[in-house]
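For the single chain, residues carry numbers from 1 onward in sequence order.
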Amino acid sequence: METGAAGQAGGGGPPAAAAAGEYWSEALKSFLDHIPVSSVNGAIQPSPSPALEIRLDGSVLDAIDSMYRSDVAGAVIVDDVRTSFGKFVDRDIGFVEFPSLVLWAIEEFDKLGSGAGDKNSDFLTSLKQHPQIAETKIAWLAKSFLWEPFFPVRSHDTLFHAMLLFSKHRRINVVPVVELMNSSVIGFVTQNAVMELLLSSSGLEWLDKIADKQLSEFRFANTTKPVSVYSDQTLADALHILSKEKIGVAVVDRKTSCLIGSIQCSDLYQLLDDSSLFRNRKTLSAEEFVKLKSKDEDISTENSSASGGQNVLSLRTGQKITAGLPVTNRKSDTLKQAMEKLTASRSSCSFIVDEHGRVEGVVTARDIISVFSPPCMDSRIDGGTFFSAALAQTGCRVEHGQMIQNS
């Protein structure tokens, strides 16, 4: 019956449109809203409390040090507020990511000039030498939007719910999972895990109808401009761009304009692992860093088979499955091919290159999720094609980021 409905959709007339709307709506109901969050890889961790907690009145130094030593890329911000009944109210109030704090601290170092810190010091020691940076409170950083409010889903909520959060809140990269509201975090939903679940439906007509389209047919492939540095620019230059854009920075050869690597937020732990990278960031070229990173990834790949049970937010299991060049696609590749590459590499973005290896665009995990997600309040997103057809059958549309009922 579903195949027939989809076939009628190609007719273009009112009966076909109605059949298509029924088809999309049924697909939505039977898949996204019937897949519990608990089915997502990493949503429920074996540890009783997998989330690292950072106090709202804690310092930047303590937060970075705790996340680094715990090997986690993010932490829940907690504030112990008690009611007159002695119960906690909204104890979990935010989520902060390791890369955001490291990049902020480096920007603050660079504002102090070349005399900032001992040239032989590592990152954490340099922080301690500058209390005006190290002792900055996590609460104060909310002014700079360096952490996000706490938006959890419950384990019995559905994939639809998690995708809605990703599409409505553009800076959220992970969604915490709780058993009940105001209870401890038991796991996390990542964007890559959502794509893995979508790919598990490969072969179903409702997914393939969208996922088998070429990237060139999607708006993001033509409008999202990549950020880049030349290979002979410094690591500090790349880190400065990364702090502003929070998306992978393409490293391109100055002579050929070809992509030779990338520098991403998931690489930043290496500045703490190898203190020379942090100390020499203003003289080390982006190309040299890419080559050093590739060697590290080669070593990590050898041990990747043993890391399957680690926390999904581990600092060192982000992009360790493929070493060398970053993830790339051609505009002629399908959306499904991009999804498969991103999930296999655990990368957050893929650079779109031409036949010569020159960067033309970038596709992110969020771009892909938005294709399948409901219309969100961000006016730049006009709703995924999957939801648009179903929404039309309810007499509504999305216009300038707002859901409007047709008159």
Side-chain angles (χ1 to χ4, degrees), residues 40-42 67 72-74 95-103 146-148 162-163 165-167 169-175 188-199 215 218 220-221 224-229 238-239 241-251 259 261-270 290 293-294 296-297 300 304 310-329 333 335-353 359 361-373 378 381:
V40 179
N41 180 35
M67 285 190 275
V72 292
F95 187 83
V96 63
E97 296 184 341
F98 178 84
S100 294
L101 295 187
V102 171
L103 289 169
L146 287 180
W147 52 269
E148 290 297 317
M163 292 176 69
L165 286 173
F166 279 131
S167 60
H169 302 281
R170 300 290 295 170
R171 293 184 296 138
I172 288 181
N173 297 313
V174 297
V175 175
F188 297 93
V189 175
T190 66
Q191 294 178 357
N192 268 283
V194 169
M195 287 194 295
E196 285 179 350
L197 256 183
L198 289 171
L199 284 172
L215 291 175
F218 296 95
F220 58 73
T224 305
K225 301 299 181 183
V227 291
S228 62
V229 294
L239 294 177
I241 294 174
L242 194 60
S243 70
K244 305 299 182 185
E245 303 293 338
K246 299 295 190 300
I247 190 174
V249 177
V251 180
L259 179 70
S262 70
I263 299 175
Q264 305 196 32
C265 287
S266 57
D267 299 325
L268 293 177
Y269 74 90
Q270 295 183 55
V290 166
K293 184 179 72 166
S294 295
D296 177 73
E297 289 177 342
S300 299
S304 62
Q310 291 186 359
N311 192 310
V312 293
L313 295 187
S314 175
L315 279 174
R316 294 171 177 81
T317 57
Q319 292 178 299
K320 304 304 176 198
I321 297 179
T322 48
L325 283 174
V327 180
T328 60
N329 284 99
D333 290 343
L335 185 68
K336 186 184 296 183
Q337 288 174 317
M339 293 167 69
E340 290 170 344
K341 283 191 173 184
L342 288 175
T343 54
S345 65
R346 295 292 185 263
S347 179
S348 61
C349 70
S350 173
F351 295 99
I352 300 176
V353 297
V359 182
V362 62
V363 54
T364 67
R366 190 185 307 279
D367 289 331
I368 292 173
I369 289 174
S370 294
V371 170
F372 297 96
S373 296
D378 190 324
I381 305 297

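- Of the residues Val174, Val175, Asn173, the one that meets the side chain to side chain contact (heavy atoms under 4.5 Å, CB included) test with Phe166 is Val175.
- The nearest pair of heavy atoms linking Phe220 to Val363 is CE1-CG2, 3.3 Å.
- Residues Gln191 and Arg366 approach most closely at NE2-NH2, 3.2 Å, considering heavy atoms.
- For Pro226 against Val359, the heavy-atom pair with the smallest separation is CG-CG1, 3.4 Å.
- In terms of heavy atoms, Ile247 sits closest to Val362 at CD1-CG1, 4.1 Å.
- Here the CE atom belonging to Met195 is positioned 14.0 Å from the NZ atom belonging to Lys336, to the nearest 0.5 angstrom.
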Trace of the side-chain contact (heavy atoms from CB on, under 4.5 Å) decision for Leu146 with Val96: CA-CA 7 Å; Leu146 287 180; Val96 63; 5.8 Å; no
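- Here the SG-CD distance, from Cys265 to Glu245, works out to 11.0 Å after rounding to the nearest 0.5 Å.
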Test side-chain contact (heavy atoms from CB on, under 4.5 Å) applied to Val189 and Val312, step by step: CA-CA 9 Å; Val189 175; Val312 293; over 6 Å; no
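- Between Asn41 atom CG and Thr343 atom OG1 the span is 11.0 Å, to the nearest 0.5 Å.
- The heavy-atom pair separating Val40 from Ala193 by the smallest distance is CG1-CB, 3.4 Å.
- Partner of Phe98 under the side chain to side chain contact (heavy atoms under 4.5 Å, CB included) criterion, chosen from Val72, Leu315, Leu103: Leu315.
- Under the rule for a side chain to side chain contact (heavy atoms under 4.5 Å, CB included), the partners of Glu148 that lie at least two apart in sequence or sit in another chain are Arg171, Ile172.
- Atoms OG and CG, on Ser347 and Asn192 in that order, are 7.5 Å from each other to the nearest 0.5 Å.
- Atom-to-atom distance recorded for Leu215:CG and Leu335:CG is 6.0 Å, nearest 0.5 angstrom.
- The line from CG of Leu239 to CG of Leu268 is 6.5 Å long, rounded to the nearest 0.5 Å.
- Within the 4.5 Å cutoff, the side chain of Thr364 has no heavy atoms near those of the Leu342 side chain.
- For Ser100, the side chain to side chain donor-acceptor pair (under 3.5 Å) test picks out no residue, with sequence neighbours left out.
- A donor-acceptor pair shorter than 3.5 Å cannot be found between the side chains of Ser370 and Asp367.
- Shown here for Pro99 and Ala73, the closest heavy-atom pair between the two residues is CD-O, 3.8 Å.
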side-chain contact (heavy atoms from CB on, under 4.5 Å) evaluation trace for Met67 with Leu101: CA-CA 10 Å; Met67 285 190 275; Leu101 295 187; 3.6 Å; yes
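- No hydrogens or angles considered: a donor-acceptor pair under 3.5 Å links the side chains of Ser262 and Gln264.
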